[in-house]
Amino acid sequence: MKSANKSRWALHTKNPLRAAVIITVALCCIGCSTSPKQKGPNNSDTYWMYSPDSLSIHPLSRFTQREGKAGWRVVVHVEFKDGDDYACRGTGALDVSIYAKNGRLLATKPISLANAAGNYKLFDPVTRTYQIVFDGIPEESELVNVQATYTEPGSKLMRSNKHTVKNYK
């Protein structure tokens, strides 16, 4: 009995590479088995479609300096996600507002995403976000808060959380 257990253990210790490969494959399979919560496409009267289900201000939003001009520029990245939590495009009305540190409204940009050319121009295919640029931000600005509101063609309203964009001068 002891020799049978000993030989089985000896088989595992003689080939450590085999044991390492088995453990690595097991860990990879466990890591790959999780998937996002699938909610699926939205029902639009006569057919199913993937349309925005959530709206957020992406962390890529940042302050930049304008060449040869005083003041700052803020580039806001707005991200839509569909029911399966994948980045997507919108086709409705988007309003992006930027607020000073004290809560004072600095600017609002109403944007129509219904126009294909305008939608294409604002959408960045690399980051899969819409880039909206605000010029003329006061030089003393240390941070701004940004919020977006989206109205779908079917009048469904979505609002992002306020996102703080810091100026790392």
Side-chain angles (χ1 to χ4, degrees), residues 28 31-169:
C28 286
C32 295
S33 66
T34 60
S35 61
K37 182 180 174 186
Q38 301 234 341
K39 218 166 106 176
N42 297 324
N43 187 3
S44 174
D45 294 335
T46 57
Y47 56 92
W48 290 90
M49 65 179 195
Y50 282 94
S51 61
D53 196 52
S54 68
L55 165 68
S56 65
I57 305 299
H58 197 277
L60 286 174
S61 300
R62 67 197 178 281
F63 275 84
T64 61
Q65 283 206 293
R66 300 169 17 180
E67 285 187 37
K69 294 186 180 178
W72 290 96
R73 167 183 282 179
V74 174
V75 180
V76 177
H77 289 260
V78 177
E79 180 179 44
F80 292 109
K81 288 197 174 177
D82 65 15
D84 289 332
D85 206 32
Y86 291 108
C88 67
R89 293 183 180 209
T91 57
L94 177 66
D95 291 318
V96 182
S97 299
I98 191 163
Y99 301 89
K101 184 178 182 179
N102 61 6
R104 182 175 54 94
L105 179 66
L106 294 175
T108 297
K109 285 199 176 182
I111 300 159
S112 173
L113 300 176
N115 178 339
N119 193 315
Y120 184 78
K121 182 180 175 187
L122 292 174
F123 190 77
D124 179 33
V126 175
T127 61
R128 309 238 353 116
T129 61
Y130 288 94
Q131 292 183 16
I132 295 90
V133 178
F134 288 90
D135 287 320
I137 304 300
E139 284 198 45
E140 66 275 0
S141 296
E142 296 174 11
L143 59 86
V144 292
N145 291 308
V146 182
Q147 188 171 31
T149 304
Y150 175 70
T151 307
E152 273 189 348
S155 73
K156 177 183 169 186
L157 181 73
M158 283 184 261
R159 181 169 282 126
S160 73
N161 290 332
K162 282 193 176 177
H163 180 80
T164 301
V165 180
K166 292 183 181 178
N167 188 353
Y168 298 102
K169 304 177 197 185

Can you tell me how far apart [atom1] ([X]) and [atom2] ([Y]) are? Round to the nearest 0.5 Å.
{"X": "His77", "Y": "Ser56", "atom1": "NE2", "atom2": "OG", "value": "12.0 Å"}
{"X": "Thr164", "Y": "Lys101", "atom1": "OG1", "atom2": "NZ", "value": "11.0 Å"}
{"X": "Ile57", "Y": "Glu79", "atom1": "CD1", "atom2": "CD", "value": "10.0 Å"}
{"X": "Thr64", "Y": "Asp135", "atom1": "OG1", "atom2": "CG", "value": "8.0 Å"}
{"X": "Arg62", "Y": "Arg73", "atom1": "CZ", "atom2": "CZ", "value": "10.0 Å"}
{"X": "Phe63", "Y": "Ile137", "atom1": "CZ", "atom2": "CD1", "value": "6.5 Å"}

Could you check whether any side-chain N or O of [X] sits under 3.5 Å from a backbone N or O of [Y], counting only pairs where one atom can act as donor and the other as acceptor?
{"X": "Asp84", "Y": "Tyr86", "value": "no"}
{"X": "Asn119", "Y": "Leu113", "value": "yes"}
{"X": "Trp72", "Y": "Glu139", "value": "yes"}

Are any of the side-chain heavy atoms of Met158 and Glu152 separated by less than 4.5 Å? yes

Taking the side chain as every heavy atom from C-beta outward, state whether Val165 and Val76 have any atom pair closer than 4.5 Å.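 Val165 vs Val76: side chains apart.
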
How would you list all residue pairs meeting side-chain hydrogen bond (donor to acceptor under 3.5 Å, both in side chains) that involve residues 106-118, not counting sequence neighbours?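 Every side-chain hydrogen bond (donor to acceptor under 3.5 Å, both in side chains) pair that includes a residue of residues 106-118, provided the two are not neighbours, is Ser97-Thr108.
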
Closest non-hydrogen atom pair, [X] against [Y]:
{"X": "Leu55", "Y": "Ala148", "result": "CD2-O, 3.5 Å"}
{"X": "Gly83", "Y": "Asp53", "result": "N-CB, 3.8 Å"}
{"X": "Cys88", "Y": "Ser51", "result": "SG-C, 4.1 Å"}
{"X": "Thr91", "Y": "Pro153", "result": "OG1-CG, 3.7 Å"}

Option among Tyr120, Phe123, Tyr150 that satisfies the ring pair (Phe, Tyr, Trp, His ring centres under 6.0 Å) test with Tyr130: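 Exactly one candidate clears the test, Phe123.
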
Hey, mind stepping through Ile132 and Leu94 against side chain to side chain contact (heavy atoms under 4.5 Å, CB included) and telling me if it holds? CA-CA 10 Å; Ile132 295 90; Leu94 177 66; 4.2 Å; yes

Ion pair present between Asp95 and Arg159, side-chain N to carboxylate O less than 4.0 angstrom? no

By ring-ring contact (aromatic ring centres under 6.0 Å, His included) - contacts of Phe134 (at least two apart):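 Applying ring-ring contact (aromatic ring centres under 6.0 Å, His included) to Phe134 gives none.
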
Any residue meeting ring-ring contact (aromatic ring centres under 6.0 Å, His included) with Tyr99, in chain and number order, not counting sequence neighbours: none

